[in-house]
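Presented below is the structure to which this report refers.
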Amino acid sequence: MRAKLPDREGLVTRDGVNLAYEIYSDAPDTILFIPPWSIVHSRIYKAQLPYFSERFRCITYDGRGNGKSDRPKDVAAYTLDNYVADALAVMDALDVGQSILVGLSFGGLLASILAAYHPERVRAAILVGTVTTIGPPQYPRFDASHFTAKRDSYEGWDKFNHGYWLKNYPDFAEFFIRNIFNEPHSTKQIEDGIGWAVETNGPTLLKTVAARGILPGFDVSEEMYRKIRCPVLLVHGDNDQIQPHGRAEAAHAEVSGSEFVTIGGGGHNPLGRYPAKANTLINDFIDRRLGITAASRGTARRNRAGKRVLYLSSPIGLGHGRRDIAIAHEMRRLHPDLSVDWLAQDPVTRLLEASNEHVHPLSARLASETRHIELESGEHELHCFQALRRMDEVLIRNFMTFQEAVEQGAYDLVIADEAWDIDHYWHEHPELKKAKLAWLTDFVGYVPMPSGGEHEAFLTTDYNAEMIEHIEQHPGVRDRSIFVGTPEDIVPLSFGTDLPPMRDWIPKHFDFAGYVIGEHPQGFGSRESLRERLGYRDDERICIVTVGGSGIGAHLIRRILQAYPIVKAKLAELRMIVVAGPRIDAASLAAPAGVEVRAFVANLDRHLAACDLALVQGGLTTCMELAAAGTPFVYFPLRNHFEQTFHVAHRLRRYGAGIQMDFAASTPDMIADAMMLALSRSDKPKPVEADGARRAARMIAELLE
């Protein structure tokens, strides 16, 4: 899923070559993102566009040779003159009189040329990992032994370059992209880059290199850089293996008034590898040098008399919202003057509004994580780990929105319930942290699914290693880390090869609150009185089917509905209520007569405590609410969902709660049998803690003292 789709797209044609462009928003100020070398295309800017288009008209286009643009056959079509003329043609066609330019790599050179020779078109230039025409000798320092061909078959890089691109371009593309993202833990950026690189081919790239021998119609020496008068920001990694850091420094020395930021340990593309830092640098530069601020469209409430908290609750499932509201209520008991703003998404916002909580206005700008998860899901399947990896574009947009909120809100504390973007980017760049941070989670550690093989085991180990490094190298980022559960709830697995066991490492870095439930069923009163309040009769057996706030559960609901007539024939008093969630069209379920379908139930936890049986996915919060109520239930972990398969199932086994079933292997008859079995069982789960919210609130409230 893209975090934001373009408002308009089309083609600009110059000298018979079509250039594909995209426009995001219609703000008065424009940022033109100039494409780098044709080995990749404009998607290279995916971490910038969704956020900056909130207040700028952002324009991208694919350079000739890749993406949706043409691939001319003539070498002369790829000269520097043509690339510069393409940028001007796009600006002219899209009515861009003057623009802020962002150029990565070769795009940085094009931006420099435009700023020097067309100053009336350029308000400012941001050059990242820029190619320059001056400075120390250029590499790449590539090692031919990487390739499968024999090293002694080639004489020098040029012959190796040209010959190998024609013989085995995909291997070269992978090699080159890995040299762009040479920082540790860059697997996702490398995968993206390789995917974009194979959208072109070796012969096309060879033409772009051959065209460099055709001299441009303008000077590109030191004198060119001296001509630049607009504000210029250069951002460059000091471990850039494509364009040496010293070449960018040489350009900086020639551009009067330019600013230079070095990314320590950074490679060739900080925009992709360190987007939070890069976006913040661009924000600050535009604010200071052009006076265009990142002011939000709304402002947070201010209550200067008391403490102010910004609360983030994961939108993946409503259980997080219920437990977070319970923690907030307990914190208000300790700090009656506490002011809480919630940065949240639908469907959590529905819970918050029903509880009279205040939703921060910037919440409206968040990209939907729930929508992304739905698009990643299959028939009762969600490859959770891979879905989280592919949510990177959504997460960086939402992090930047969060950063705006926290910088403007003067908050005393941020509470983040599995807000993975906040935890990741503040650990990656501790200088971005603007408030104390309390972090909550009910699981720690990615676990590979067997279907992913050795590659997924490598990836999960790499992600776990990065998380461990973040916490151990920057222990002050989290002011309090709370595990929602007990040490016994930690799954007895390792973080991966050469990494510690989870049960050894987690207790050293987390406090334990016990399980935090939205509102413990102990407070609901007797089951008989609760059923009466909810309108349930004594002579009916209530079965509730609920699948959370996303649309993933539609397949499970349909399978259960097929089992309904089988059970109904055996149990005439059965009454089935399906809580489909707000994102599933009730009509699409084709529920049989006698089955009630509801889109949303604000007090679902009470219905789960009052019913006789529940059928659910394998999400932790709903299953634990059922365990706490002592309600029999059958649960179906999503296929390839590592959390439900390992972390949740382990915890439920510890409590002796629920009957676990495999959706793929469960026929309607088997589900019907499991329903009857669950109804007949007399054993009850172990008691679930009733004071978890209070304990968590006390731990967090200490940060406000």
Problem - Listed partners of Asp538 passing salt bridge (Lys or Arg N to Asp or Glu O under 4.0 Å), at least two apart - result: none

Handout entry: Selection residues 381-395 - residue pairs positive for side chain to side chain donor-acceptor pair (under 3.5 Å), sequence neighbours left out
Key = Arg43-Glu393, Lys46-Asp392, Thr187-Arg389, Glu191-Arg389, Glu376-Arg390, Glu381-Arg639, Glu381-Asn640, His383-Glu456, Gln386-Arg389, Arg389-Tyr463

Handout entry: Leu604 and Glu625, any side-chain heavy atoms less than 4.5 Å apart
Key = no

Fill in the blank from the handout: Residue pairs passing the side chain to side chain donor-acceptor pair (under 3.5 Å) test with at least one member in residues 437-450, sequence neighbours excluded, are Arg323-Asp442, Glu418-Thr441

Fill in the blank from the handout: Those residues at least two apart in sequence (or on a different chain) that pass ring-ring contact (aromatic ring centres under 6.0 Å, His included) with Phe181 are none

Practice task
Return the minimal non-hydrogen interatomic distance between Gly619 and Val648, and the atom names on each side.
Solution key: C-CG1, 4.4 Å

Completion exercise
What one should report as the nearest heavy-atom pair of Val567 and Leu574 is CG1-CD2, 3.8 Å

Problem - Pair Arg575 + Glu596, salt bridge at N-O below 4.0 Å - result: yes

Problem - Any side-chain heavy-atom pair of Ile325 and Leu352 under 4.5 Å - result: yes

Handout entry: side chain to side chain donor-acceptor pair (under 3.5 Å) pairs, two or more places apart, involving residues 658-672
Key = Tyr635-Gln660

In residues 502-509, what donor-acceptor pairs under 3.5 Å come from side-chain atoms, sequence neighbours left out?
{"unit_1": "Arg503", "atom_1": "NE", "unit_2": "Ile490", "atom_2": "O", "d": "2.8"}
{"unit_1": "Arg503", "atom_1": "NH2", "unit_2": "Glu488", "atom_2": "O", "d": "3.1"}
{"unit_1": "Arg503", "atom_1": "NH2", "unit_2": "Ile490", "atom_2": "O", "d": "3.0"}
{"unit_1": "Arg503", "atom_1": "NH2", "unit_2": "His650", "atom_2": "NE2", "d": "3.4"}
{"unit_1": "Trp505", "atom_1": "NE1", "unit_2": "Glu472", "atom_2": "OE2", "d": "2.9"}
{"unit_1": "Trp505", "atom_1": "NE1", "unit_2": "His509", "atom_2": "NE2", "d": "3.2"}

Problem - Any pair counted as side chain to side chain donor-acceptor pair (under 3.5 Å), so long as it reaches residues 513-524, sequence neighbours left out - result: Glu519-Arg606

Exercise for the section: Measure the acute angle between the ring planes of Phe443 and Trp420, then classify it against the limits of 30° and 60° as parallel, tilted or perpendicular. Expected result: tilted

Exercise for the section: Check salt bridge (Lys or Arg N to Asp or Glu O under 4.0 Å) between Arg273 and all other residues, then give those that pass, not counting sequence neighbours. Expected result: Glu428, Glu466

Practice task
Apply salt bridge (Lys or Arg N to Asp or Glu O under 4.0 Å) to Lys433 and list each qualifying residue two or more places apart in sequence or on a separate chain.
Solution key: Asp479

Exercise for the section: With Arg559 as the cation and Phe663 as the aromatic partner, state whether NZ or CZ is under 6.0 Å from the six-membered ring centre and within 45° of the axis. Expected result: yes

Handout entry: With Phe524 via ring-ring contact (aromatic ring centres under 6.0 Å, His included) - residues at least two apart
Key = none

Problem - Check: Tyr425 and Ile396 side chains under 4.5 Å, non-hydrogen atoms - result: yes

Exercise for the section: Could you tell me whether Asp511 and Arg698 make a salt bridge, using a distance below 4.0 angstrom between a side-chain N and a carboxylate O? Expected result: no

Practice task
Kindly determine whether Arg558 and Ser588 satisfy side-chain contact (heavy atoms from CB on, under 4.5 Å), including the steps that lead there.
Solution key: CA-CA 9 Å; Arg558 293 190 182 98; Ser588 71; 3.6 Å; yes

Problem - Residue pair Val597 / Ala591: nearest heavy atoms and the distance that separates them - result: CG2-CB, 3.8 Å

Problem - Least distance between heavy atoms, His607 atom then Arg598 atom - result: CE1-NH1, 4.0 Å

Handout entry: Minimum-distance pair of heavy atoms, taken over all atoms of Gly658 and Arg681
Key = O-NH1, 4.2 Å

Problem - Partners meeting salt bridge (Lys or Arg N to Asp or Glu O under 4.0 Å) with Glu357 (sequence neighbours left out) - result: Arg332

Exercise for the section: Before accepting this row, confirm whether a basic side-chain N of the pair Arg531/Glu528 lies closer than 4.0 Å to the acidic partner's carboxylate O. Expected result: no

Problem - Any side-chain donor near an acceptor of the partner, Asn464 and Thr461, under 3.5 Å - result: no

Handout entry: Aromatic contact, Phe402 with Trp342 (centres under 6.0 Å)
Key = no

Problem - ring-ring contact (aromatic ring centres under 6.0 Å, His included) partners for His372, two or more places apart - result: none

Exercise for the section: Ignoring hydrogens and angles, state whether a donor on the side chain of Tyr311 or Asp324 is under 3.5 Å from an acceptor on the partner side chain. Expected result: yes

Exercise for the section: Would you check if Arg478 and Phe510 make a side-chain contact, meaning some heavy-atom pair closer than 4.5 Å? Expected result: yes

